[in-house]
> 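So that we are looking at the same thing, I have put the structure below in structure tokens.
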There are 2 protein chains.
Amino acid sequence: MKLEAELKSTKPMQPRQRALLNIMFTASWLDCFLSRQLRPYGLTGPQYNILRILNGSYPKGLSVLDIKSRMIDRSSNVSRLVEKLRLSGLVERVPHAEDRRMVIVSISEPGKKLLTEIEKARFTDGHGTPGSKLTESEAMELAHLLDKFRE
Amino acid sequence: MKLEAELKSTKPMQPRQRALLNIMFTASWLDCFLSRQLRPYGLTGPQYNILRILNGSYPKGLSVLDIKSRMIDRSSNVSRLVEKLRLSGLVERVPHAEDRRMVIVSISEPGKKLLTEIEKARFTDGHGTPGSKLTESEAMELAHLLDKFRE
DNA sequence: TTTCGTTTAATGTCAAAACATTTAAGTTTG
DNA sequence: CAAACTTAAATGTTTTGACATTAAACGAAA
């Protein structure tokens, strides 16, 4: 559905304003979509984001600040999110050998297993992948325009 | 800055995945930007969203559910947000004459004044408007691709 | 070495989101 | 009309976000 229909907007919008609202609306829509996919696994969006970041740097771990700088939502409290994941056994925390201020966080074997399980379920859940209506080149163009939007 | 640089991503991403992450990242970036602009006025993003919706339907008011259905973030608790705005004198609440379950919320004169003040400040704050690097046709293309992304 | 500033992570606090639940008013049906 | 159902708004509760502050460890300079 078009943005104007979604927001029941009456007056016509300026193109940049329309793009801005559409970014925020689409992100909120995506958030809702992803939360529903993650709920059965007891993960929130930011928690899943951390797991994927750690999976990407496996087998090396990352410090709390390194995780934070790679997150989509930089305002989240990584210390507390990591502690939650640790209590679920999905990550491990090891004090840094040389710099004792730091804590190195790594994904655990159960954490990796959960990620592959979620990945598998995503292909078979019937709802399709978000963005699947875009061609590859449209997706690339979209990403490029978003980069430019932030300039 | 490009998304890969922002997220310090090492591995190359698939186009649709890159678009998805870019939408969420850009929205988070925008959220941060807008919150900073609104802070001096004591407004949060959702509160500002409600004020603008009510301004758009002025002088008619809207019911709580009508407001909710027009919001960017549909998960917000409109009753409580409206109560905050009412305490600040920015909106007014009138029970509906025919259906006493409903409450009609309208923007007040101080509310309208605040909106025009914010609008003015936006042009003179030096940080520029988000998305100003896009041409009009790029902004339209971006909005169109986002509509298609949600299909 | 001691002091000062910086960096890293954790914690404290308050407001807001994310649910569900409740209350009240309206509508439909037997 | 009364009971059951539906809708609108408010409220309850728990978790999370947003932001400041603290605590500990490191590095630089007197």
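What you see below is based on every heavy atom in this structure, not just the backbone, and it leaves out hydrogens, waters and symmetry mates. Note that this is a predicted model, so its numbers are computed, not measured.
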> To the side chain of Leu65(A), which of dA10(C), dA9(D), dT8(C) is closest?
dT8(C)

> Between Gln47(A) and Arg39(B), just flag the one whose closest nucleotide in DNA chain D comes earlier from the 5' side.
Gln47(A)

> Under 4.0 Å, heavy atoms only, any strand: does Lys68(A) hit a base, just the sugar-phosphate, or nothing?
nothing

> For the base of dT7(D), is there a side-chain donor-acceptor partner from Asp99(B) under 3.5 Å away?
no

> To the nearest Å, how far apart are Asp31(B) CG and dA17(C) C1'?
12 Å

> Leu43(B) versus Leu85(B): any side-chain heavy-atom pair under 4.5 Å?
yes

> How close or far is atom C1' of dC19(D) from atom CG of Asn77(A), stated in whole angstroms?
10 Å

> Determine whether more than 12 heavy atoms belonging to other residues, nucleotides or ligands lie under 6.0 Å from atom CZ of Arg74(A).
yes

> Does a side-chain N or O of Arg80(B) approach OP1 or OP2 of dA15(C) to a distance below 4.0 Å, or not?
no

> Indicate yes or no: does Arg86(B) engage Glu92(B) in a salt bridge with an N to O separation below 4.0 Å.
no

> Please report, rounded to the nearest Å, how far the C1' atom of dA16(C) is from the CG atom of Leu85(B).
14 Å

> Among dA9(C), dA16(C), dT11(D), find the nucleotide with the atom closest to the side chain of Ser79(B).
dT11(D)

> As a test of reading the structure: which of dG17(D), dA9(C), dA10(D) is closest to the side chain of Leu81(A), going by heavy atoms?
dG17(D)

> Rounded to whole Å, how long is the line connecting atom CD1 of Ile104(B) with atom C1' of dA10(D)?
16 Å

> With side-chain contact (heavy atoms from CB on, under 4.5 Å) as the test, pick out the partner of Tyr48(B) among Leu34(B), Leu115(B), Leu114(B), Ile53(B).
Leu115(B)

> Students often get this wrong, so: under 4.0 angstrom with heavy atoms, is Arg36(B) touching a base, only sugar-phosphate, or nothing?
nothing

> Starting at the 5' end of DNA chain C, which residue's closest nucleotide do you reach first, Arg74(B) or Val78(A)?
Val78(A)

> Atom CZ of Arg100(B) and atom P of dT27(C): how far apart are they, to the nearest Å?
12 Å

> For Lys84(B) and for Ser63(A), find the nucleotide of DNA chain C with the closest heavy atom, then tell me which residue's nucleotide is more 5'.
Ser63(A)

> Is Lys133(B) close enough and on-axis enough to Phe149(A), meaning under 6.0 Å and within 45°, for cation-pi?
no

> What is the distance, to the nearest angstrom, from the CD1 atom on Ile72(A) to the P atom on dT16(D)?
17 Å

> Within this structure, what is the CG-to-C1' distance between Asp73(A) and dT16(D), rounded to whole angstrom?
11 Å

> Would you classify Ser35(A) as touching base, sugar-phosphate or nothing, given that sugar-phosphate means primed atoms plus P, OP1 and OP2, and contacts are heavy atoms under 4.0 Å?
nothing

> Please tell me which of the listed nucleotides, dA10(C), dA8(D), dG17(D), lies nearest to the side chain of Ser76(A)?
dG17(D)

> Write down the distance between CZ (Arg101(A)) and C1' (dG5(C)), rounded to a whole number of angstrom.
12 Å

> Supply the atom-to-atom distance Trp29(B) CH2 to Phe33(B) CZ, rounded to the nearest 0.5 angstrom.
6.0 Å

> Among the nucleotides dT8(C), dA9(D), dA16(C), which one has an atom lying closest to any side-chain atom of Thr44(B)?
dA16(C)

> For a quick test of reading the model: is some side-chain N or O of Arg93(A) closer than 4.0 Å to OP1 or OP2 of dA10(C)?
yes

